[in-house]
Q: 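Once you've had a glance at the structure underneath, I'll fire off some questions.
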Protein chains: 2
Amino acid sequence: MPFKNTFFKSAFSVDNVIFGLDDSKLKVLLIRRKGEPFKGEWALPGDLVHPKENLRDAPKRVLKELTGLVDVYLEQVHTFGKVDRHPVGRVVTVAYYSLVNIHKVKPRAASFASEVEWFPVFDLDSLPFDHLEILHKCTSRLQKSVRTMPIGFELLPEKFTLSDVQDLYEAVLNKKLDKRNFRKKFLSMGILVDVKEYQTGVAHRPAKLFRFETETYDEFKAKGFNFEI
Amino acid sequence: MPFKNTFFKSAFSVDNVIFGLDDSKLKVLLIRRKGEPFKGEWALPGDLVHPKENLRDAPKRVLKELTGLVDVYLEQVHTFGKVDRHPVGRVVTVAYYSLVNIHKVKPRAASFASEVEWFPVFDLDSLPFDHLEILHKCTSRLQKSVRTMPIGFELLPEKFTLSDVQDLYEAVLNKKLDKRNFRKKFLSMGILVDVKEYQTGVAHRPAKLFRFETETYDEFKAKGFNFEI
DNA sequence: ACAAAAGTGTTGTGTTTACACCCATGT
DNA sequence: ACATGGGTGTAAACACAACACTTTTGT
């Protein structure tokens, strides 16, 4: 259970914004809360930080409990600490976002959640606590990151087409991009490797498959790039 | 005093990285610690967050106590929460940075500080706790922000020359920039207003003075810009 | 044959970089 | 007269935006 409702004065928690890509839509994993407050409502997953637990391990633990995943892209975004943000007491919360491949994950109920489900990010317009603000902040951060670092590949299968990548970018940025310009720019960065295979069983010209060049990828991750597309 | 050394199990604090510009160098305000641990050492100013205090008000309070300033640029950067980052107990700390005009500030000792002094950022290579890491993170963030928003003007006097601005950018980015290109780009943004005055008493051709166009400035702050110089 | 998505180049426009000399003042 | 920093323009390289048709497959 997330909180001992009696006699806690202050605590820190983490909240996880877990992004996935499905049906060319950016989605976020919400849980149905098992405990009070807001019992039964859809909210961001999160938990108190344990006394002997490094801060960054808390969102990892939540993620693992919820999805089984352990090596996941995880970025700290912002800390929320208004006095009254939590109705039960003083809880300062640190928000993290993650990127997971939605089709490799079978989310399961967890200690703090009776149900788990993916929701389209841009359709949500109310959440308990300050979770909507947290979601917005994480979404903006993702949109910024995707333009300055090669992230987001975590959201795709191992082998993918250039159109998959474009779909991903369009889903994250929530807008249409020019196909030719996108391809030109993306290919020229040199983080994609042609695996010399093609899609099969599609009712149109089969697309080339690519994978990531991890070395270049890491380089870019370190020094960033400019993907103003 | 910053901590009751006995019987505290966990707490959250804030740490302030207060930047100023002096002698064309980027400096940071450090305090000599009054209390244990690391009593007497130079460290980042900071304090515990009070129980009834909004998180963001804590760094404001520290800033006010230390400098007397109340309306100051303040940005949350990152939260540090390794279990052992503080020798006395579990303290999760939220780092903020601020920009202040070093010549308008007469820093004074505070409840947690016996002395206060400006240190050149790029010369520091050791600090207690994880304060060096905090400083690095804040410096990187400042360097990034200065390229994407019109900030940093807080570090300058009200009327200033274009060379002052360039000095500022060179100090923050810690590298030389091309004079003509800098001026061209900066002027073209339209956030500077010619105040039709000139420097006096300088042993060279006196420079034009400028001030900020607050409206445009706020616009840019909202939507950002690209200052890849 | 048709539908569906893959794939491909060029041109105009704007942005970035590199670079060297004269100007106005105080001493 | 000299030292000091202020101030200015151009050309070449590069990046970005806009835009339409052909190819390959499955049905």
Side-chain angles (χ1 to χ4, degrees), chain A residues 21 23-25 146-150 156-157 159-171 173 175-211 220 223-229, chain B residues 21-25 146-148 150 156-157 159-171 173 175-211 220 223-229:
Chain A
L21 187 70
D23 190 24
S24 293
K25 276 191 159 173
V146 102
R147 287 169 174 279
T148 54
M149 305 169 148
L156 293 176
K159 294 174 186 176
F160 50 83
T161 71
L162 262 176
S163 296
D164 289 339
V165 183
Q166 185 170 348
D167 279 354
L168 161 65
Y169 270 74
E170 292 183 347
L173 299 175
K175 72 174 185 191
K176 281 261 154 232
L177 302 172
D178 180 89
K179 184 160 67 162
R180 279 183 282 194
N181 293 337
F182 183 90
R183 288 168 170 248
K184 215 182 310 167
K185 182 142 187 192
F186 219 100
L187 276 176
S188 75
M189 305 196 310
I191 58 179
L192 298 187
V193 183
D194 183 347
V195 298
K196 310 273 183 203
E197 290 175 51
Y198 290 85
Q199 281 182 314
T200 51
V202 286
H204 56 76
R205 178 171 173 177
K208 262 187 182 213
L209 295 176
F210 293 88
R211 62 171 176 79
F220 271 118
K223 69 173 209 282
F225 61 54
N226 184 277
F227 199 71
E228 287 297 338
I229 204 160
Chain B
L21 187 70
D22 180 36
D23 190 24
S24 291
K25 276 191 161 175
V146 104
R147 287 170 174 278
T148 54
L156 293 177
K159 294 174 187 176
F160 49 83
T161 70
L162 262 175
S163 296
D164 289 339
V165 183
Q166 184 169 348
D167 280 355
L168 161 65
Y169 270 75
E170 291 182 348
L173 299 175
K175 72 174 185 191
K176 281 259 153 235
L177 302 172
D178 180 88
K179 184 160 66 162
R180 279 183 283 193
N181 293 336
F182 184 90
R183 289 168 169 247
K184 212 184 313 168
K185 181 143 188 190
F186 219 101
L187 277 176
S188 75
M189 304 196 310
I191 59 179
L192 298 186
V193 184
D194 184 346
V195 297
K196 310 272 184 202
E197 291 175 50
Y198 290 85
Q199 280 182 315
T200 51
V202 287
H204 53 77
R205 178 174 173 177
K208 262 188 180 207
L209 295 176
F210 294 88
R211 62 171 176 80
F220 272 117
K223 67 173 211 281
F225 62 52
N226 184 277
F227 200 71
E228 288 296 339
I229 205 160

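Here is the naming used below: chain letters follow the sequence lines, and residue numbers restart at 1 for every chain.
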Q: If you measure from CZ on B:Arg147 to CG on B:Leu173, what distance do you get to the nearest 0.5 Å?
A: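 Between atom CZ of B:Arg147 and atom CG of B:Leu173 there are 5.0 Å.
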Q: What is the separation between atom NZ on A:Lys179 and atom P on D:dA17, rounded to the nearest whole Å?
A: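 That distance rounds to 18 Å.
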Q: With no angle test and no hydrogens, is the base of C:dT17 tied to the side chain of B:Lys184 by a donor-acceptor pair under 3.5 Å?
A: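 Present.
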Q: Without decimals, in angstroms, what is the distance between B:Glu170 CD and D:dG5 P?
A: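 Value for this atom pair: 13 Å.
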Q: Between A:Phe210 and B:Gly201, name the one whose nearest nucleotide on DNA chain C is closer to the 5' end.
A: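 By nearest-heavy-atom nucleotide position, the 5'-most residue is A:Phe210.
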Q: Checking the side chain of B:Gln166 only, and the main-chain atoms of B:Phe182 only, is there a donor and an acceptor separated by less than 3.5 Å?
A: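 Answer holds: no.
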Q: Let me see the working for A:Glu170 and A:Lys176 under salt bridge (Lys or Arg N to Asp or Glu O under 4.0 Å), right down to the final yes or no.
A: CA-CA 6 Å; A:Glu170 292 183 347; A:Lys176 281 261 154 232; 3.1 Å; yes
Q: Determine, step by step, whether A:Arg183 and A:Ser188 satisfy the side-chain hydrogen bond (donor to acceptor under 3.5 Å, both in side chains) criterion, reporting the C-alpha distance in whole Å, the side-chain angles of both residues, the deciding distance to 0.1 Å, and the verdict.
A: CA-CA 8 Å; A:Arg183 288 168 170 248; A:Ser188 75; over 6 Å; no
Q: Side chain of A:Arg183: nearest nucleotide among D:dG7, D:dG9, C:dA6?
A: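 Of D:dG7, D:dG9, C:dA6, C:dA6 is nearest to the side chain of A:Arg183.
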Q: Output the rounded distance in Å from OH (B:Tyr198) to P (C:dA24).
A: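 The distance from OH of B:Tyr198 to P of C:dA24 comes to 10 Å, rounded to the nearest Å.
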Q: In whole angstroms, how far is the P atom of C:dT15 from the CE atom of B:Met189?
A: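 In whole Å, C:dT15 P and B:Met189 CE are 13 Å from each other.
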Q: Take atom CZ of B:Phe182 and atom P of C:dT16, then tell me their distance rounded to the nearest Å.
A: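 The distance from CZ of B:Phe182 to P of C:dT16 comes to 14 Å, rounded to the nearest Å.
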Q: Answer with yes or no whether A:Lys208 presents, from its side chain, a donor or acceptor under 3.5 Å of a partner atom in the base of C:dG7.
A: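 Absent.
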Q: Taking the side chain of A:Asn181 as its heavy atoms from C-beta onward, which of D:dA18, D:dC16, D:dT24 lies nearest to it?
A: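 Minimum distance to the A:Asn181 side chain belongs to D:dA18.
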Q: What is the distance, to the nearest angstrom, from the NE2 atom on A:His204 to the P atom on D:dT25?
A: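 So the NE2-P distance, A:His204 to D:dT25, works out to 12 Å.
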Q: Between D:dT23, C:dG9, C:dC23, which nucleotide has the shortest distance from any of its atoms to the side chain of A:Arg205?
A: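 The answer is D:dT23, which lies nearest to the side chain.
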Q: Can you run down the side-chain hydrogen bond (donor to acceptor under 3.5 Å, both in side chains) pairs that involve residues 197-211 of chain A, sequence neighbours left out, and say none if there aren't any?
A: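 Output for this query lists A:Lys159-A:Glu197, A:Asp194-A:Lys208.
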Q: Distance check: side-chain N/O of A:Ser163 vs OP1/OP2 of C:dA5, anything under 4.0 Å?
A: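 False: A:Ser163 side-chain N/O out of range (4.0 Å or more) of C:dA5 OP1/OP2.
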Q: What is the distance, rounded to the nearest whole Å, between atom CD of B:Gln166 and atom C1' of D:dT8?
A: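 Value for this atom pair: 14 Å.
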Q: Could you pick out which residue, B:Ala203 or B:Leu209, lies toward the 5' side of DNA chain D when each is mapped onto its nearest nucleotide?
A: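 On the 5' side of the pair lies B:Ala203.
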Q: From CZ of A:Arg180 over to C1' of D:dC16, roughly how many Å is that when rounded to an integer?
A: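 For the pair A:Arg180 CZ and D:dC16 C1', the rounded distance is 14 Å.
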